[in-house]
Amino acid sequence: MTAVAEVMDYDEVLERFDPVLGLEVHVELNTNTKMFCGCANVFGGEPNTHVCPVCLGMPGALPAVNGKAVESAMRIGLALNCEIAQWCRFARKNYFYPDMPKNFQTSQYDEPIAFNGWLDVELDDGSIFRVEIERAHMEEDTGKSLHVGGATGRIHGADYSLLDYNRAGVPLIEIVTKPITGTGARAPEVARAYVAALRDLLRGLDVSDVRMDQGSLRCDANVSLMAKDATEFGTRTETKNVNSLRSVERAVRYEMTRHAAVLAGGGKIKQETRHFDESTATTSAGRTKETAEDYRYFPEPDLVPIAPSREWVEQLRVGLPQPPWVRRKQIQEEWGLTDLELRDLVNADALDLVAATVDAGAKPDDARSWWVSYLSQQAKILNKELAELPITPAQVARVSALVADGSLTNKLARAVVDGVLAGEGEPDEVVEKRGLKVVSDDSALTAAVDEALAAQPDVAEKIRSGKVAAAGAIVGAVMKATKGQADAKRVRELIIERCS
């Protein structure tokens with residue numbers, strides 16, 4: 001059983017210490033092929049089916065740099081307000097892991113492609129916090145270890161391990177912040193907001209699918225504490241591969257309270273990596289953290305240096321898309337959203353979907369309602385991301401149009417959406433197959449109304465005596481009898497006519 005470290009009350013932490021953060025975010029690029037070979041860069045697949053002598057580190061295999069990955073790296077650097085190196089090169093970062101068949105990682109060390117940037121981050125109250133970027137450098141991903149037989153999926157307690165090298169050589173960009181100070185109590189919030197802003201920026205650049213659940217965006221959260229009278233940073237720990245925004249926030253908060261308890265008890269913080277446990281929101285010790293010297297970096301002899309022309313850099317700068325926060329501001333003003341409504345859209349990852357639905361002809365309020373409420377619920381039920389649902393913005397816009405012209409009630413519209421999600425075809429096909437169109441034929445409705453009035457004579461009498469509000473009960477009965485397909489407005493009109 002793993003012992004849970006003692007922690008200090010969060011308010012007391014802030015009375016005695018100042019937090020210092022350092023965030024390292026790894027981003028898998030969405031290039032067609034890997035960083036140094038022609039193997040397909042795809043998620044999943046049968047183990048060890050997207051491999052070749054280069055990404056397996058076979059003797060004599062020579063790498064070649066993926067030009068698209070270099071371009072994506074520069075676009076990321078420019079979007080982060082970085083300087084782009086006029087000359088840089090790759091290095092070998094030497095260490096042994098079973099999932100790294102070459103025994104070194106091809107990375108960049110003291111000559112990154114991009115450096116000295118910043119990203120302004122919007123916090124929950126709308127205030128802006130600037131995070132300084134130290135560097136963004138290119139490297140390759142490792143393979144993946146699968147530990148079988150244990151309770152946690154980790155190597156401890158496992159019976160044996162398997163190795164999948166499909167991910168080995170996938171192009172990565174590591175974005176490293178400078179030490180983040182001055183956050184005070186908002187350190188966990190700043191960490192979450194930074195990763196969220198970075199994710200949105202990268203998605204807008206279309207350089208990665210930024211799926212944290214699949215590891216294409218991963219955050220290593222470095223945390224240290226300084227006593228109030230100290231002048232030097234404390235010893236940091238690095239919580240590795242945190243894979244959700246909520247977990248980034250919780251990991252930082254937990255490490256702050258754990259560090260404080262250790263320091264207050266007279267102990268010392270070990271410079272080490274740590275693992276985050278989603279179920280307990282705690283961390284546990286990993287390995288002792290190496291220093292740069294331990295990695296024995298040296299220039300990669302099999303790759304030529306990279307010297308992007310200034311013309312190329314400026315061409316990429318001009319071609320950068322509008323930053324997501326600028327676009328959001330325009331959408332907010334255009335649609336008349338409050339700050340809270342906009343934040344709900346962003347937090348639900350629904351903004352792009354809603355915008356596309358509006359572009360397809362739906363009203364903003366209708367599009368927002370579908371994606372943020374009903375479809376978000378379906379995504380949770382199906383355990384999918386909202387964008388993964390098998391329904392397109394155009395299909396949602398068509399359902400909205402059918403509601404707007406009176407062909408569907410809201411209830412019937414949800415049944416149509418269910419049919420689309422179930423793969424039954426386009427909205428109009430689902431309406432036809434399931435017989436969901438609203439019944440507005442007077443002859444059919446009149447019969448249903450008469451039957452409902454006869455079944456509730458006391459209610460009918462109230463309506464005849466002028467208590468029109470009582471008609472709601474009859475409308476409800478007719479809707480139930482017609483399985484929600486009656487035109488409720490016409491039903492009400494017929495009730496009044498029959499009782500007058």
Side-chain angles (χ1 to χ4, degrees), residues 2-10 12-26 93 95 97 131-135 142 152 154-156 174-195 198 212 215 217-228 230-295:
T2 302
V4 178
E6 293 186 10
V7 296
M8 180 183 288
D9 176 78
Y10 193 68
E12 187 178 353
V13 173
L14 298 168
E15 290 175 5
R16 302 177 61 169
F17 301 98
D18 289 321
V20 179
L21 303 179
L23 300 171
E24 302 173 13
V25 173
H26 289 82
K93 182 181 182 181
Y95 63 103
Y97 276 139
V131 175
E132 304 281 348
I133 306 295
E134 181 177 296
R135 56 192 280 146
T142 62
T152 63
R154 299 188 185 282
I155 193 170
H156 301 292
E174 182 175 354
I175 301 166
V176 183
T177 69
K178 295 179 181 178
I180 304 171
T181 60
T183 60
R186 308 186 76 169
E189 179 190 348
V190 168
R192 170 179 52 79
Y194 168 73
V195 178
L198 194 55
M212 295 189 78
L217 181 73
R218 318 190 285 268
C219 177
D220 298 342
N222 289 264
V223 174
S224 65
L225 293 181
M226 296 175 65
K228 288 292 183 181
T231 57
E232 296 184 357
F233 294 158
T235 302
R236 63 186 168 90
T237 56
E238 181 180 359
T239 304
K240 299 287 288 184
N241 295 328
V242 188
N243 62 359
S244 77
L245 299 179
R246 180 167 177 259
S247 293
V248 169
E249 185 169 18
R250 294 198 301 170
V252 168
R253 186 183 181 96
Y254 177 78
E255 277 298 276
M256 287 172 61
T257 58
R258 189 187 68 83
H259 280 217
V262 172
L263 295 171
K268 293 183 178 180
I269 300 297
K270 295 179 182 176
Q271 183 168 320
E272 62 185 2
T273 64
R274 298 187 68 84
H275 305 297
F276 182 67
D277 187 327
E278 296 271 357
S279 61
T280 61
T282 61
T283 66
S284 58
R287 58 180 167 79
T288 301
K289 180 64 177 173
E290 294 89 348
T291 64
E293 289 73 21
D294 295 324
Y295 291 123

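As a basis for the values below, the full set of heavy atoms in this structure was taken, side chains included, without hydrogen atoms, waters or symmetry mates.
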Inset, instruction - Determine, step by step, whether Thr177 and Glu24 satisfy the side chain to side chain contact (heavy atoms under 4.5 Å, CB included) criterion, reporting the C-alpha distance in whole Å, the side-chain angles of both residues, the deciding distance to 0.1 Å, and the verdict. - result: CA-CA 7 Å; Thr177 69; Glu24 302 173 13; over 6 Å; no
What residues form a side-chain contact (heavy atoms from CB on, under 4.5 Å) with [X], not counting sequence neighbours?
X	result
Glu132	Trp118, Arg130, Lys178
Asn243	Glu278
Leu263	Phe17, Leu225, Ile269

To the nearest 0.5 Å, tell me how far [X] [atom1] sits from [Y] [atom2].
X	Y	atom1	atom2	value
Thr283	Tyr254	OG1	OH	5.0 Å
Arg250	Thr280	CZ	OG1	8.0 Å
Leu198	Leu217	CG	CG	6.5 Å
Ser284	Asp277	OG	CG	7.0 Å
Ser224	Glu238	OG	CD	12.5 Å

So [Y] and [X], do their side chains get closer than 4.5 Å, heavy atoms only?
X	Y	value
Asn241	Phe276	no
Leu21	Val252	yes
Asp220	His26	yes
Val20	Met226	yes

Inset, instruction - Go through the steps to decide whether Arg236 and Val223 satisfy the test side chain to side chain contact (heavy atoms under 4.5 Å, CB included), and finish with yes or no. - result: CA-CA 5 Å; Arg236 63 186 168 90; Val223 174; over 6 Å; no
Legend entry - Worked verdict on Ile175 versus Glu134 for side chain to side chain contact (heavy atoms under 4.5 Å, CB included): CA-CA 8 Å; Ile175 301 166; Glu134 181 177 296; over 6 Å; no
Excluding sequence neighbours, so at least two apart, what forms side-chain hydrogen bond (donor to acceptor under 3.5 Å, both in side chains) with [X]?
X	value
Arg16	Glu12
Thr231	none
Thr237	Glu255, His259
Lys228	Asp18

Using atom types as modelled, flag every donor-acceptor pair under 3.5 Å from a side chain in residues 183-193 to any protein atom, sequence neighbours excluded.
unit_1 : atom_1 : unit_2 : atom_2 : d
Arg186 : NE     : Glu189 : OE1    : 3.0
Arg186 : NH1    : Asp125 : OD2    : 3.1
Arg186 : NH2    : Asp125 : OD1    : 3.2
Arg186 : NH2    : Asp125 : OD2    : 3.4
Arg186 : NH2    : Glu189 : OE1    : 3.4
Arg186 : NH2    : Glu189 : OE2    : 3.0
Glu189 : OE2    : Asp124 : N      : 2.9
Arg192 : NE     : Glu249 : OE1    : 2.7
Arg192 : NH2    : Asp124 : OD1    : 3.3
Arg192 : NH2    : Asp124 : OD2    : 2.9

Inset, instruction - Specify the closest pair of heavy atoms between Met256 and Leu14, including all atoms of both residues, with the distance to one decimal. - result: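 Smallest heavy-atom distance, with atoms named: CE-CD2, 4.0 Å.
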Inset, instruction - Over all heavy atoms of both residues, which pair between Met8 and Ala260 is shortest? Give the atoms and the distance, please. - result: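 Looking at all heavy atoms of both residues, the shortest contact is CE-O, 3.5 Å.
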Inset, instruction - Quick one: list whatever passes salt bridge (charged side-chain N to carboxylate O under 4.0 Å, His left out) with Arg218, sequence neighbours left out. - result: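 Result, salt bridge (charged side-chain N to carboxylate O under 4.0 Å, His left out) vs Arg218: Glu28, Asp141.
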